[in-house]
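Side-chain atoms are counted along with the backbone in the values below, which use heavy atoms only and exclude waters and symmetry mates. Start at 1 and go down the list; that is how both ligands and their atoms are numbered.
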Amino acid sequence: MSLRNNTSHLVRDEDRVLQPKTPHSLRWHLSFSYAILILVVLLISGILAFFFSSQSIDQAAAGALKAEAGAAQTNVRSVLLAHPTQNGSWPKPLTLKVIDTHSESENTLGIAVKVFDLQRQTLYETKSPQPLSSYVLPPEESFTAAMKGEFPADVIDIGPAKEKIRIHVEPIRQPQVNAKGETTGNGKVIGVLLTAKTLQAEERTKSTLAIWLGVSALVALAIAAIGMHFTTKRVLWPLSAIVQTARSIARSAHTGNLSQRVRRPASNDEMAEVVDTFNDMLDALEQATRAQRRFVADASHELRAPLTIIQGNLAFLQQHVHELPVEEQQTMLQDAHSETLRLARIVDELLLLARADTAGALPPDKESGKREKGKHPVEVERVLLQLVRQVRGGLHSEGSSLQLEVGHIEPVRVNGDEESVRRIMVILLDNAIKYTPEKDAVSGLPGKITVSLERKEQEGILHVKDTGIGIESEDLPHIFERFYRADRARTRQGTGLGLAIARTLTEQMQGKITVQSTPGIGTHFSVHFPLVD
Ligand code: ADP
């Protein structure tokens with residue numbers, strides 16, 4: 001892929017970060033989904049409520065009709081018993097007093113009663129309310145069915161407006177008196193009784209019910225949707241805040257301003273956890289960026305200083321090489337040379353740390369803590385005593401009155417390479433020598449450095465103690481950082497990388513390094529190595 005294509009890809013990626021797509025899509029999506037859900041629930045419950053209410057309204061109408069039919073049958077039977085007839089003939093005119101007295105109140109209920117003989121002639125009818133009066137007798141086949149008690153329909157539409165009426169049709173039988181003197185209706189069919197009821201009131205009730213259910217569903221839906229909208233807004237605002245913060249950080253990426261944080265919601269829920277995690281991530285990023293910046297600044301400064309000396313000395317020598325006495329030329333060249341060595345040392349140490357960083361970025365090797373095949377564990381006490389001998393020799397030849405003592409030594413075997421163990425010891429001893437004056441300014445006693453080795457549980461611990469200048473408590477947390485040097489240490493030679501290297505090497509061997517120090521009294525470094533199992 002060409003560079004140009006790559007660049008456009010980057011720009012597109014950046015656009016994706018910087019430009020909001022649909023700002024409230026999740027909120028709207030949630031509100032809409034809940035509204036649909038509520039609508040479905042309301043619809044189902046509305047339909048069920050309407051269905052069951054309609055059923056009970058219909059049942060009440062059917063019950064009223066049946067009761068009226070029962071009353072009419074009783075009335076007809078009493079009339080027939082009072083006027084015994086033969087061959088199914090009826091007393092004419094047929095008067096049903098009970099039904100007549102009901103009639104007025106029945107009319108308000110919209111109920112009408114009709115009695116037909118077998119020739120489908122009307123023998124009796126109540127004064128029917130509209131539209132019942134227009135209801136004509138059922139057609140012949142239905143009439144025949146009615147005589148058998150099998151009339152097919154119970155709700156029909158009549159009139160031009162297709163109004164609904166409920167009808168109840170049943171046969172009228174010749175009453176008979178049994179041996180006990182009781183009246184039964186088991187005789188032959190002599191006519192048909194029709195009770196009918198307009199369903200205007202019921203239909204009106206049903207429509208009102210439907211309207212109310214619809215209106216209340218809509219109101220409930222509107223309230224729920226508004227409620228949902230504000231609830232989601234209240235619940236989801238941290239997400240918007242996170243997006244805003246991330247966006248503003250992305251926008252100011254070049255300045256690397258990571259100081260913004262998202263306000264924590266008062267609730268102690270998952271959203272608060274998301275905000276906490278996001279803020280923690282920003283804390284970590286900010287710290288890492290700050291450390292990286294400090295490192296770059298320190299590194300540039302540390303490299304710049306020797307370079308300036310080398311450059312200055314060489315430039316001076318170039319201009320004045322013929323005027324300067326030979327000794328001075330040599331001193332200047334020596335200075336330049338020692339600064340070159342210092343530069344090389346810094347670069348070497350930086351390389352070592354960079355390599356350790358890269359190794360740390362690789363997936364951890366499960367076997368890293370175990371001994372390589374054919375490799376012997378490191379005998380720490382041997383390496384230490386050897387080094388002490390060398391350092392003592394060095395101190396002696398320099399005419400230093402510093403005392404380097406060996407304390408209690410236990411045999412310690414650790415996994416790792418001897419060179420790393422030696423390097424850690426060199427750094428700690430070198431520092432102890434550097435930061436311990438030959439003579440204590442107050443007591444006049446000579447400075448003392450003590451090394452010892454102890455075994456404790458699963459650890460071998462190397463102790464390096466000195467009676468030197470010590471470290472201020474505010475410097476202590478930083479001394480393992482790259483290029484960090486306490487102010488009081490700046491008068492001594494150093495790169496500020498020694499302890500960073502010592503810690504990295506120790507950690508590579510699954511160990512740890514700790515320090516205790518009292519300014520003016522001395523410093524105590526302890527290196528904990530896991531023992532060989
Ligand atoms: P340097 O090259 O400055 O010694 P180091 O990384 O080895 O760098 O140490 C970092 C800082 O820790 C030193 O600059 C010094 O301030 C402090 N320090 C380390 N060892 C001692 C010690 N034994 N006594 C006092 N200060 C120490």
Please list the nearest protein heavy atom to [atom] with its residue and the distance rounded to 0.1 Å.
atom: atom 3 (O) of ligand 1; value: R485 NE, 2.5 Å
atom: atom 7 (O) of ligand 1; value: N431 ND2, 2.8 Å
atom: atom 11 (C) of ligand 1; value: Y484 O, 3.7 Å
atom: atom 6 (O) of ligand 1; value: L499 N, 2.8 Å
atom: atom 23 (N) of ligand 1; value: D466 OD2, 2.9 Å
atom: atom 26 (N) of ligand 1; value: I471 CG1, 3.2 Å
atom: atom 13 (C) of ligand 1; value: Y435 OH, 3.4 Å
atom: atom 8 (O) of ligand 1; value: G496 CA, 3.1 Å

Atoms of ligand 1 close to [X] [distance to a heavy atom under 4.0 angstrom, numbered from 1]:
X: K434; answer: 1 (P), 2 (O), 4 (O)
X: G498; answer: 5 (P), 6 (O), 7 (O)
X: A486; answer: 14 (O), 16 (O)
X: T495; answer: 2 (O)
X: I479; answer: 10 (C), 12 (O)
X: L497; answer: 6 (O), 8 (O)
X: F525; answer: 20 (N), 23 (N)

### Message
Could you go through D417 and S420, starting from their C-alpha distance and side-chain angles, then the distance that decides it, and tell me whether this counts as side-chain hydrogen bond (donor to acceptor under 3.5 Å, both in side chains)?
### Response
CA-CA 6 Å; D417 70 305; S420 298; 2.6 Å; yes
### Query
With a 4.0 Å cut-off on heavy atoms, does G470 reach ligand 1?
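Right, G470 reaches ligand 1.
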Going from [atom1] on [X] to [atom2] on [Y], what distance comes out if it is rounded to the nearest 0.5 angstrom?
X: L239; Y: F278; atom1: CG; atom2: CZ; value: 10.5 Å
X: L324; Y: H322; atom1: CG; atom2: NE2; value: 10.5 Å
X: T504; Y: L353; atom1: OG1; atom2: CG; value: 5.0 Å
X: I409; Y: S452; atom1: CD1; atom2: OG; value: 6.5 Å

Heavy atoms only: give me the nearest [X]-[Y] pair and the separation to one decimal.
X: Q260; Y: L282; result: O-CD1, 3.3 Å
X: I346; Y: E302; result: CD1-O, 3.7 Å
X: R482; Y: D298; result: O-OD2, 4.0 Å

#### Entry: Any donor-acceptor N/O pair, E410 side chain to R455 backbone, under 3.5 Å
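Indeed, once roles are kept as given, a pair shorter than 3.5 Å links the two residues.
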#### Entry: Backbone of R234 reached by a side-chain donor or acceptor of W237 within 3.5 Å
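Yes, because the side chain of W237 sits within donor-acceptor range (under 3.5 Å) of the backbone of R234.
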#### Entry: Given L428, V421, I427, the one that forms side-chain contact (heavy atoms from CB on, under 4.5 Å) with M425
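Answer to the side-chain contact (heavy atoms from CB on, under 4.5 Å) test with M425 among L428, V421, I427: V421.
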### Query
ligand 1 and G494, any nitrogen or oxygen pair closer than 3.5 angstrom?
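No.
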